[in-house]
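One structure is given below, encoded as structure tokens.
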Amino acid sequence: MAWIKLSDDYNDHPKFDCLSDGAFRLWHQAIGFCRKFQTDGLVPLATVRKFQSYSPKRVTELVTPWQPGASPLWVKVEGFGFRLHDYLIWNLSKEDENQQRAESKQRMALGRDVGVRNALHMRDGVKCRYCGIVVSWTDRRGPRGATYDHVDPNGGSLIENLVIACRGCNSRKGCRTPDQASMTLLPPPSNVELRSDLNRTQVLPDKSLNISGMDLDPDLQESTAIEKPFFRGERRLEPFPPDDIADRAAQLLEKYAELFQKYRRGAKYHRRDAIDFPKACELVRTWTDDVRLEKLVVMVLTTDDPWVSRTDRGFGIFVVKASWADDLLKQWELENGVTV
Ligand SMILES: [Zn+2]
């Protein structure tokens, strides 16, 4: 379902205050129509005439400025109908919305594809492919925080189109190619650089991945080093989780994003897979029952507990409060005679 965006004080403005109830309803019907059919704020006259609240008098109210020199709520578009004033300031255009959907699809695909992420880490190491600084996997907001960037925003989540980038470079680049953003994509680090960056730690290619562009040297492949790296933060280097754990963790993150929007009344959820994935792995290791984990997510998203309700209820909060929710659930199950 799509949502209309209105500022919380829109109703106080004299331009709405002076409308009749009928015109006020008609305005809402029109904005709902624009949102639903992604018309970028345009409503044909024929459609307006079909609205329940339609009357010529109400249309006249809407196209008349509330005071001389002010903009009317509806602007007449000759030979077509009307354009809702300022619609695109508060609502996404069709193009932007489609773009966002495509990006979110890409993110989800990447969230599921642990193999691609693994290969990316092995190819790019620990530095931003645009500015070369060492990125931080524990920095959630700052410019040095690690992100995955789609080199061509429309190019899909293939290893060839993905690079590790610092958050600063990623946001500067936005939804543009490096050329469009006048940024230079640096070549992947050489094996020597990788080795030195990782202090000669365990760079072992996952032979099953066989992804072109990895180009790790034969010595390294022959190495008997212990485990494949996955999270290369400055402080910790964790082994790549087994497939079943990685799959369940990726599913949990997806589920969390889905439930967040459902239970937080459509609020936008900012995924931070690179940061949350290791935590999700820990959670699915602790709770082997995915259905129970889902129940715990719903509890954390809906609780009135002040400790939780004052936060953004992001995945990090869930990680902290999962045991607490589990205790509550156990207590409820006990009181209601539910056998676990
Ligand atoms: Zn950078």
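Here the structure is a predicted model, which is why all the values come from computation and not from measurement. Note that ligands are numbered from 1 as they come in the structure, with each ligand's atoms numbered from 1 the same way.
Between Phe16 and His28, the ring planes are tilted. Angles from 30° to 60° get that label.
Here His270 and Phe260 keep their ring centres 6.0 angstrom or further from each other.
With contacts defined as side-chain heavy-atom distances shorter than 4.5 Å, the pair Val163/Arg123 qualifies. A heavy-atom distance below 4.5 Å is not found between the side chains of Trp287 and Arg248.
The pair Glu97-Arg35 meets the salt-bridge criterion, with a side-chain N (NZ, NE, NH1 or NH2) lying under 4.0 Å from an Asp/Glu carboxylate O.
For the Zn ion (ligand 1), protein N/O/S neighbours under 2.8 Å (waters excluded) are Cys128 SG, Cys131 SG, Cys166 SG, Cys169 SG.
Screening Arg58, Glu61, Lys57 against Ser20 for a side chain to side chain donor-acceptor pair (under 3.5 Å) leaves a single residue, Glu61.
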